[in-house]
Structures are given as structure tokens and as C-alpha cells.
Protein chains: 2
Amino acid sequence: MKKLSKSLEDYIEAIYIASEGKNFCRVKDIQKVLNVSKPSIVNALSILKEEGLIVQEKYGYVSLTKDGERKAKNVYKKHKIITEFVEKIFEVENVDAQKIACEIEHIVDKNIYERMEKISKNFNERTKIVLYGEKDETDGSKTR
Amino acid sequence: MKKLSKSLEDYIEAIYIASEGKNFCRVKDIQKVLNVSKPSIVNALSILKEEGLIVQEKYGYVSLTKDGERKAKNVYKKHKIITEFVEKIFEVENVDAQKIACEIEHIVDKNIYERMEKISKNFNERTKIVLYGEKDETDGSKTR
DNA sequence: CCAAAATGTTAGTTTTGACTAATAAAGTTT
DNA sequence: AAACTTTATTAGTCAAAACTAACATTTTGG
């Protein structure tokens, strides 16, 4: 139940993504998702094994344990929520929002990303107008 | 003109804060702002000296050069903008917003924090209502 | 003015997370 | 099944950023 480091969170998230559809993946699949060398991955895997978050036989497939999957889903969910929030609120490309989400996902707590989720859900054209203070016919008030 | 690491950005920002009012500060003042050991600070200072961002004589005062002050102000400005944004948008205490800002300030680019600034400027009660999708009398539309 | 307190520096470690080069195992092809 | 290709691992390095303990300098108070 120990808290993972940022980098290990990235790895477990990558394993989850690389396993999409199946319930296992290979080191090289992880490599495609993250952009790091294989030895770096092997090293991270050894820690995740110790923590009981993945299983892997030597030269074999990597798969998440129950615990590992729970953590991975958690991180991944945050990632998606943050990406959507950043995309909508700041009007940036998905690729850029992804990059920002990758970093922020290790920082914000539950309260914050649940609020991001709510905001994203309610987001529409008018939100944008209100946010950036452009003229809004439905309202008489001014920001002064 | 080299890009500083996150940690060095924190140090230079701390120097700026610790020098408030004066144009110099001491190692122990920096220590009050950041929460790190003196040797860590000394080490960071040695790098900032190499980069020409501060000057300090042995056992003497630390002060920012023109370049250093420019960078420091930049980081500090980002910090303030992000803090305000987080406080308002997510309705969190200033202390918590500060913590988040400390981390995000090293991540987001100019485009993003300028947008944060705009949003903060325009922020009012109605923004909050629109953001979180509560009932808004002035509007007939629904988020579906 | 000199001893104690406050402040700053040096030296040496530690941890984390990355890398390259070399090696080993597994899989594929003919 | 031997040779070749792909994939994974090991071993050894490196850099950033922190720490503690020991030492050096400056400041201050009796």
C-alpha cells in the first residue's frame, strides 16, 4: 500500500496502457508507451514486483496483479480527467494536454481532480465565454 | 540563458522572496523560505553563481544579478498567477493552492499561465456557478 | 578583546532514475 | 536444427538533489 514515486506511477500506468485488450504485455510494449531504455524499464519492473503490483517470469510477459491494476486504473483515470480539463479550459491540443496531464497527475489530490471532472462535464460554449470574459448577452454584469 | 532545473527555479524564487524589500539576503533567510539544509542551499548557490544569476562573497550576502532578478520575477509571477487560479477555480485554501502552484509553476508554459491570468481576472460568483453547473437563472440551456 | 553563538562551507553519503555496452534467452526462418 | 533476429537482462556509470557531521568564519555580548 506504499505510495509510489512519480516515475513508478508512470510505469504502472504505461503497463496498463500497453496491456490494452489483453491482460499482459512485454517490456518492448512498455517501451513504446514511455520513452525510456529497456534497462530502465527492467529496473522499474523489479521494484513493482517487490511491491506486489505486477508479476513477470524471466523473459516473460508482464501482467498487473489485482492491486497493481487498481493503482494503474487510478492513475490512468486521473490522467484522462486532467487531460480533458486542460484541453477544454485552456483550449490546447490533445497532445499538449497529455503532456501537461502526465506531470500534473502526480501532484493533484482527489478533491482537485474530482472538481476537474465536474467542470469538464459541465463545460460548454458558454462556459468558455464566461471564463474568458467575452461579451455574454445573457448577462448584464461587468468585470469592471 | 540556459534553462534552470525545477529545483534551481525554486531556489532563485526563494532568494527573491527572501530579499523582499532589500536587494540581498542570507543563506539562513533562504532556508526559512525553502525547507532544506544549509549545505543544499550552498550547493545550489554555487550553480546559480556559475550561471551568473547571483553574486555572493564567501560568508557574505547573496544577491541577484540583473539576469537573476529577471528569472526570479518570472518564476514568482507564474507562482502567484497559478496560486490565484487554483484558489479560485478549485476553491481551496491559499496554503494548499501555494503547494500546488509550487509544482505546477515548473510545468506550464506561457500560453497556459496567461490564460490562467485571464480567467482569474474575470472570475466572479457567476463563473463559479457556470463552472460547476449549478442552476443559473440567467440561462435557459442545460448541459443535457 | 576574546569566548560563545550564529552563520556558512566542505566533505562525504544516499537515493532515485536515467543511460550504454555487453550478454543471455526466446523465437523465427530456411 | 543452426543461424539470425528479436527481446530481455545484467553490470556498471552518471547526474541531480537531497542529507549529516565536521569544520571555518563572522558577529556579538560580557
Side-chain angles (χ1 to χ4, degrees), chain A residues 2-15 17-20 22-51 53-64 68 71-72 75 99 102-107, chain B residues 2-15 17-19 22 24-51 53-64 68 71-72 75 99 102-107:
Chain A
K2 248 167 54 187
K3 202 158 172 284
L4 294 178
S5 73
K6 293 180 185 192
S7 121
L8 289 177
E9 277 189 5
D10 283 338
Y11 279 107
I12 204 166
E13 185 185 14
I15 293 166
I17 293 169
S19 308
E20 212 218 307
K22 334 180 254 355
N23 59 337
F24 59 87
C25 69
R26 310 230 55 163
V27 171
K28 64 153 188 174
D29 301 323
I30 303 170
Q31 192 171 24
K32 275 180 217 150
V33 177
L34 295 178
N35 221 10
V36 295
S37 69
K38 273 180 287 182
S40 300
I41 295 169
V42 170
N43 180 56
L45 294 184
S46 80
I47 301 170
L48 294 176
K49 274 176 220 169
E50 277 172 26
E51 302 286 330
L53 300 173
I54 62 165
V55 285
Q56 179 206 26
E57 283 175 21
K58 254 199 173 183
Y59 295 95
Y61 296 105
V62 176
S63 49
L64 292 162
K71 291 229 179 184
V75 178
K99 279 181 206 150
C102 273
E103 311 245 24
I104 298 186
E105 70 192 17
H106 311 294
I107 295 170
Chain B
K2 246 168 53 186
K3 202 159 174 278
L4 294 177
S5 71
K6 294 178 184 193
S7 122
L8 288 177
E9 277 189 5
D10 284 337
Y11 280 106
I12 205 165
E13 185 185 14
I15 294 166
I17 292 170
S19 307
K22 336 178 254 354
F24 59 87
C25 68
R26 312 229 55 161
V27 170
K28 62 154 189 174
D29 302 323
I30 302 170
Q31 192 171 24
K32 276 181 217 148
V33 178
L34 294 179
N35 221 12
V36 295
S37 68
K38 274 180 288 183
S40 299
I41 294 169
V42 171
N43 180 57
L45 294 182
S46 79
I47 300 170
L48 294 175
K49 274 178 220 167
E50 278 172 25
E51 302 287 330
L53 300 174
I54 62 166
V55 285
Q56 178 206 26
E57 283 175 21
K58 255 200 172 183
Y59 295 95
Y61 297 104
V62 176
S63 49
L64 292 163
K71 291 228 179 185
V75 178
K99 280 181 206 150
C102 274
E103 310 245 25
I104 298 187
E105 70 193 16
H106 309 296
I107 296 170

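Small disclaimer: the values here were computed from a predicted structure and weren't measured. Sequence lines set the chain letters: A, B, ... in the order given, protein chains first and strands last, and positions in each chain run from 1. Computation of the quantities below employed the complete heavy-atom set of this structure, encompassing side-chain atoms and omitting hydrogens, waters and symmetry-equivalent molecules.
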Q: Nearest whole angstrom, please: distance from the C1' of C:dG17 to the CG of A:L34.
A: 13 Å
Q: Here's a test of your reading of the structure: between A:V36 and A:Y61, which maps to the more 5' nucleotide of DNA chain C?
A: A:V36
Q: Taking A:E9 first and then A:K3, would you say they form a salt bridge - that is, a charged N and a carboxylate O separated by under 4.0 Å?
A: no
Q: Just wondering, do B:I17 and B:D29 contact through their side chains at under 4.5 Å, heavy atoms?
A: no
Q: With no hydrogens and no angle check, is any side-chain donor or acceptor of A:R26 less than 3.5 Å from a backbone partner on A:Y59?
A: yes
Q: Would B:Q56 and B:K49 count as having a side-chain donor-acceptor pair, cut-off 3.5 Å?
A: yes
Q: Does anyone know the first and last nucleotide of DNA chain D in reach of chain B, 5' to 3', at under 4.0 angstrom to a heavy atom?
A: D:dA17 to D:dT26
Q: Between A:I41 (CD1) and C:dT20 (P), how many Å, whole number?
A: 12 Å
Q: Let me have a per-nucleotide readout for nucleotides 7-13 of chain C, 5' to 3', with B, S or -, counting only protein heavy atoms under 4.0 Å.
A: SBBBB--
Q: Looking at every non-hydrogen atom in both residues, tell me the closest pair between A:I41 and A:V36 and how far apart they are.
A: CG1-CG2, 3.6 Å
Q: Once rounded to the nearest 0.5 Å, what's the spacing between atom SG of B:C25 and atom CD1 of B:I30?
A: 4.0 Å
Q: Taking any heavy-atom pair under 4.0 Å as a contact, classify A:S37: base, sugar-phosphate, or nothing.
A: base
Q: To the closest 0.5 Å, what do you measure between CG (B:L53) and CD1 (B:I47)?
A: 11.0 Å
Q: On a heavy-atom basis, which atom in A:I107 and which in B:I107 lie closest, and how many Å separate them?
A: CD1-CD1, 3.9 Å
Q: Looking at A:S5, I'd like to know whether one of its side-chain N or O atoms comes within less than 4.0 Å of OP1 or OP2 on C:dG17.
A: yes
Q: Can you tell me if A:S40 touches the phosphate of C:dC19, counting only side-chain N or O atoms and a distance under 4.0 Å to OP1 or OP2?
A: yes
Q: Please report, rounded to the nearest Å, how far the C1' atom of C:dT15 is from the CD atom of A:E50.
A: 14 Å
